[in-house]
Student: 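Next up is a structure, given as structure tokens.
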Amino acid sequence: MKLKSAIIPLTAAIGLAFAGAAYSQEVVKIAHVGPLSGPNAHMGKDNENGARMAVDELNAKGFTIGGKKVKFELAGEDDASDPKQATAVATKLVDQKVSAVIGHLNSGTTIPASKIYSDAGIPQVSPSATNPKYTQQGFKTAFRVVANDAQLGAALGKYAVQKLGTKQIAVIDDRTAYGQGVAEEFAKGAQAAGGTIVGKQFTNDKATDFNAILTSIKSKKPEVVFFGGMDAVGGPMLRQMKQLGITAKFMGGDGICTGSLPGLAGDGLGEDQVVCAEAGGVDEAGKKGMDDFRAAYKKKFGIDVVYNAAYAYDATMTVAEAMAKAGSADPKKYLPELAKANHKGVTGVIAFDAKGDIKDGSLTLYTYKGGQRTLLAVTK
């Protein structure tokens with residue numbers, strides 16, 4: 001009886017050992033942060049979905065780091081586009097010792113959070129924050145996979161004057177780091193090309209009534225109204241422009257250049273009235289890859305890509321590739337590999353300059369026809 005009773009716990013111990021081996025697979029925790037509540041939630045969820053697609057693909061193919069199979073876990077966090085909430089989330093993720101952060105979405109949340117990640121040595125790759133200040137702070141942990149506002153705003157300003165042939169331009173911004181930054185760069189670009197800024201107004205990122213500022217602008221008879229802000233505000237602004245009889249072209253950056261704008265603008269979305277630029281874009285050679293990504297996204301989530309999902313996907317894949325090259329998910333060990341990345345992604349080659357900005361970032365210009373976003377040009 002003693003022998004038999006000894007065999008039972010021994011057998012159980014062997015079973016537990018095998019179970020332990022099966023579950024000893026290293027877990028690599030990365031985070032995505034963006035607005036999952038509030039008016040920009042559709043954009044934040046879109047970016048999170050892009051990161052999740054990458055994580056699921058990596059896990060499905062049995063990704064290895066340092067010769068060991070790893071399992072990626074994605075922590076999705078909500079910063080509600082609020083700087084205070086963003087820093088609270090960043091502190092939480094540092095405490096959780098995540099290996100990387102994909103995000104944040106807005107420049108106004110990305111910039112304050114970046115100091116916290118830098119202090120902790122955690123790499124942060126934003127798929128959408130475009131304010132130049134983000135990568136001008138000297139943080140070795142800060143990267144972005146899209147062109148910045150200086151490039152985007154200047155290109156739009158030049159396009160307004162040289163391609164659209166406009167001279168009288170009004171500028172509105174939502175006072176966020178993103179909106180104010182891109183509006184300032186647009187104004188510089190337009191003036192450098194020979195345009196005149198006939199009026200400047202501002203609102204906020206939660207406003208719904210623009211009659212006062214639009215009435216003021218209408219009296220200046222602008223040929224173009226540029227809005228620095230997001231589609232949740234830009235759409236209703238277009239509706240009110242139509243109500244007030246303002247027929248000027250409506251221009252903006254990637255914040256308004258979304259698949260959601262037609263629904264938000266309703267009958268305010270005139271044919272060819274809107275011209276916007278997206279930080280990023282693929283040339284003809286990359287079109288099939290992007291089309292395939294969009295199809296796979298829709299199959300997985302049942303909805304169309306809204307915003308920068310492909311950039312969040314590429315950001316995540318670039319981080320994973322850096323970990324594989326370093327043979328470690330330890331931020332200190334793989335950060336040097338991330339800094340010299342040369343990842344062939346869906347959106348193009350992901351490589352960073354000394355500041356952490358993407359090299360040779362593309363810009364895509366769009367208009368809207370028949371309620372659909374329509375490509376105008378891809379430029380650099």
Side-chain angles (χ1 to χ4, degrees), residues 26-34 47-48 50-55 58 63 65-66 70-77 79 86-87 89-107 109-146 148 308 310-345 347 349-359 361:
E26 183 182 351
V27 172
V28 177
K29 189 172 184 179
I30 63 175
H32 171 271
V33 189
N47 275 7
E48 183 186 286
R52 194 166 300 283
M53 275 185 72
V55 163
L58 291 165
F63 196 78
I65 298 175
V70 300
K71 180 184 179 183
F72 286 94
E73 283 187 1
L74 184 70
E77 295 287 346
D79 67 14
T87 54
V89 167
T91 301
K92 173 184 173 181
L93 293 173
V94 168
D95 291 341
Q96 291 179 355
K97 294 180 169 59
V98 297
S99 292
V101 175
I102 309 301
H104 299 208
L105 182 139
N106 309 86
S107 295
T109 53
T110 301
I111 293 169
S114 65
K115 174 71 164 61
I116 295 168
Y117 300 131
S118 175
D119 289 346
I122 298 173
Q124 173 192 13
V125 187
S126 175
S128 49
T130 52
N131 191 301
K133 292 176 184 176
Y134 170 49
T135 52
Q136 291 174 353
Q137 302 171 96
F139 299 153
K140 299 298 183 185
T141 51
F143 303 89
R144 75 172 117 224
V145 295
V146 291
N148 66 37
N308 276 20
Y311 296 91
Y313 174 92
D314 276 355
T316 308
M317 288 297 196
T318 303
V319 165
E321 187 176 275
M323 290 177 177
K325 287 183 175 178
S328 174
D330 181 343
K332 292 185 181 68
K333 294 180 179 177
Y334 85 80
L335 181 57
E337 291 294 340
L338 182 60
K340 58 184 181 184
N342 190 33
H343 175 70
K344 292 181 180 178
T347 62
V349 176
I350 307 298
F352 305 109
D353 65 15
K355 290 181 181 177
D357 282 316
I358 193 164
K359 291 180 180 177

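Remember, predicted model here, so these are calculated numbers, not experimental data. All residue numbers in this chain count up from 1 along the given sequence.
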Student: With side chains defined as the heavy atoms from C-beta onward, is the minimum distance between R52 and T316 less than 4.5 Å?
Tutor: no
Student: Looking only at the side chains, is there a donor atom on one of S128 and N47 sitting less than 3.5 Å from an acceptor on the other?
Tutor: yes
Student: For S328 and Y334, which heavy atoms make the closest approach, and how far apart are they?
Tutor: O-CB, 3.5 Å
Student: If you measure from CD1 on I122 to CD on Q96, what distance do you get to the nearest 0.5 Å?
Tutor: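 Output value for this atom pair is 10.0 Å.
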Student: Where is the tightest heavy-atom contact between F139 and S118, given as atom of each residue plus distance?
Tutor: CD2-OG, 3.4 Å
Student: Nearest 0.5 Å please: distance from the CG atom of N342 over to the CD1 atom of I350.
Tutor: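 Output value for this atom pair is 10.0 Å.
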Student: To the nearest 0.5 Å, how far apart are CG in L335 and CE in M323?
Tutor: 10.5 Å
Student: Could you pull out the closest heavy-atom pair between F63 and E321, with the gap in Å?
Tutor: CZ-N, 4.5 Å
Student: S126 side chain to H104 main-chain N or O, any donor-acceptor pair under 3.5 Å?
Tutor: yes
Student: Would you compute the distance between atom OH of Y313 and atom CG of N308 and round it to the nearest 0.5 angstrom?
Tutor: 15.5 Å
Student: Could you tell me whether the side chain of V125 reaches within less than 4.5 Å of the side chain of T318, counting heavy atoms only?
Tutor: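 The answer is no, as the side chains (C-beta and beyond) never meet within the 4.5 Å cut-off.
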Student: Taking the side chain as everything from C-beta on, heavy atoms only, tell me whether E26 gets closer than 4.5 Å to I65.
Tutor: no
Student: With a 3.5 Å distance limit and no angle check, can you tell me whether S99 reaches the backbone of A329 through a side-chain donor-acceptor pair?
Tutor: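 Looks like yes, one N/O pair under 3.5 Å.
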Student: Say you draw a straight line from CG of D79 to NE2 of H32; how long is it, rounded to the nearest 0.5 Å?
Tutor: 8.5 Å
Student: What is the minimum heavy-atom distance between I102 and V319, and which atoms define it?
Tutor: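 Closest heavy-atom pair between I102 and V319: CD1-CG2, 4.1 Å.
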Student: Atom CG in D357, atom CZ in R144: separation rounded to 0.5 Å?
Tutor: 4.5 Å
Student: Could you go step by step and tell me if D314 and V145 meet the side chain to side chain contact (heavy atoms under 4.5 Å, CB included) rule?
Tutor: CA-CA 8 Å; D314 276 355; V145 295; 5.6 Å; no
Student: Any sub-3.5 Å donor-acceptor pair from Y134's side-chain atoms to F143's backbone N or O?
Tutor: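 Yes; judged by distance alone, with no hydrogens or angles, the pair exists.
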Student: Can you name the closest pair of heavy atoms from P127 and A312 and give their distance?
Tutor: CB-N, 3.5 Å
Student: Measuring only between side-chain heavy atoms, which start at C-beta, is K359 closer than 4.5 Å to V349?
Tutor: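 No. Closest side-chain heavy atoms not under 4.5 Å.
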Student: Could you check whether any side-chain N or O of N131 sits under 3.5 Å from a backbone N or O of S107, counting only pairs where one atom can act as donor and the other as acceptor?
Tutor: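 Absent.
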Student: For a 4.5 angstrom cut-off between non-hydrogen side-chain atoms, does L74 reach I30?
Tutor: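 Answer yes - side chains close enough.
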Student: Tell me the closest heavy-atom pair linking G121 and T141, and the distance in Å.
Tutor: C-CG2, 3.8 Å
Student: For the residue pair I111 and Q137, establish whether any side-chain heavy-atom pair is separated by less than 4.5 Å.
Tutor: yes
